[in-house]
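It should be emphasised that the depicted structure is a prediction, and the values quoted were computed from it without experimental measurement.
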Amino acid sequence: MGEMKTVVDSELAVAHLVFKVADLKSSCKFYSNLGLPPFFTEEKIAIIELRGGTHLVLLSVDEPAGKDVAESLTGQFHKRFSEQFDLMIKGKGLNELKQYRSELISRGIAAGEIPDEAVFGHYLFCIKDPDGNGITIYTSHAH
């Protein structure tokens, strides 16, 4: 057995889990039946908020991917971002994200630029793990 370490208050929380689904309406009904109805729906996307502010993003897999949606089964953006999952800082502001990004860079982690525009109210930047998996770091929306 591995050594157990004391649980600490993490710097990061999960921001979004992104799933491509075969039938968006059926998936929305399933999650609604679990007590998790979507708070945002369109023809090809539904967003469900989990406790703590984490979002489950459902994307219709049977639709051709547009310029902003990847063809892969993970991630939600195409050319600009190649994330496999998202993480969310505690802070809600752009300055807090800039500070966190600077801290990562000072630790030797290559971090992408922060785009000028927010995505659904979040500022963000992208990093990659040692295996090349893309991770997007977002500002928080949690209360």
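Summarising the geometry, atom CD1 belonging to Ile135 is positioned 6.0 Å from atom CG belonging to Leu87; distances are rounded to the nearest 0.5 Å. The line from OG of Ser60 to NZ of Lys25 is 10.5 Å long, rounded to the nearest 0.5 Å. Separation of atoms CG (Leu59) and OG (Ser27) is listed at 11.0 Å; rounding is to 0.5 Å.
In plain terms, the two heavy atoms of Ile47 and His55 that are nearest each other are CG2-CG, 3.8 Å. In terms of heavy atoms, Ser140 sits closest to Met88 at CA-CG, 3.5 Å. Between His16 and Val57, the shortest heavy-atom contact is CD2-CG2, 4.1 Å. Considering all non-hydrogen atoms of both residues, Pro37 and Ser32 come closest at CA-OG, 3.4 Å. Smallest separation of non-hydrogen atoms from Thr139 and Gly93: CG2-O, 3.5 Å. Nearest heavy atom pair, residue Ile127 against residue Leu104, reads CG2-CD1, 4.5 Å.
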- [ ] Could you give me the CA-CA distance, side-chain angles and deciding distance for Asp23 and Phe30, then say whether side chain to side chain contact (heavy atoms under 4.5 Å, CB included) is met?
- [x] CA-CA 11 Å; Asp23 184 323; Phe30 172 80; over 6 Å; no

- [ ] Determine, step by step, whether Ile114 and Leu94 satisfy the side chain to side chain contact (heavy atoms under 4.5 Å, CB included) criterion, reporting the C-alpha distance in whole Å, the side-chain angles of both residues, the deciding distance to 0.1 Å, and the verdict.
- [x] CA-CA 9 Å; Ile114 299 172; Leu94 179 58; 3.8 Å; yes

- [ ] Decide yes or no on side chain to side chain contact (heavy atoms under 4.5 Å, CB included) for Lys98 and Tyr123, but give the supporting numbers first.
- [x] CA-CA 10 Å; Lys98 287 178 179 178; Tyr123 288 98; over 6 Å; no

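With hydrogens and angles ignored, the 3.5 Å screen pairs a side-chain donor or acceptor of Arg101 with a backbone N or O of Gly112. Judged purely by atom type and a 3.5 angstrom limit, Ser106 uses its side chain to pair as donor or acceptor with the backbone of Glu103.
Residues Ile109 and Ile105 are members of separate hydrophobic clusters, defined by side-chain heavy-atom contacts under 4.5 angstrom among Ile, Leu, Val, Met, Phe, Trp and Tyr. Connection of Phe19 to Ile48 is established within a shared hydrophobic cluster, with ILVMFWY side chains joined at heavy-atom distances below 4.5 Å, either directly or through further cluster members.
More than 12 heavy-atom neighbours from other residues, nucleotides or ligands sit within 6.0 angstrom of CG on Asn33.
Among Leu124, Asp86, Leu97, the single residue meeting the side chain to side chain contact (heavy atoms under 4.5 Å, CB included) criterion with Ile137 is Leu97.
Contact annotation: the side chain of Leu12 approaches that of Ile89 to within less than 4.5 Å [non-hydrogen atoms, C-beta and beyond].
Ring geometry for Tyr138 against His122 counts as perpendicular: the plane angle is over 60°, on a 0 to 90° scale with 30° as the lower cut.
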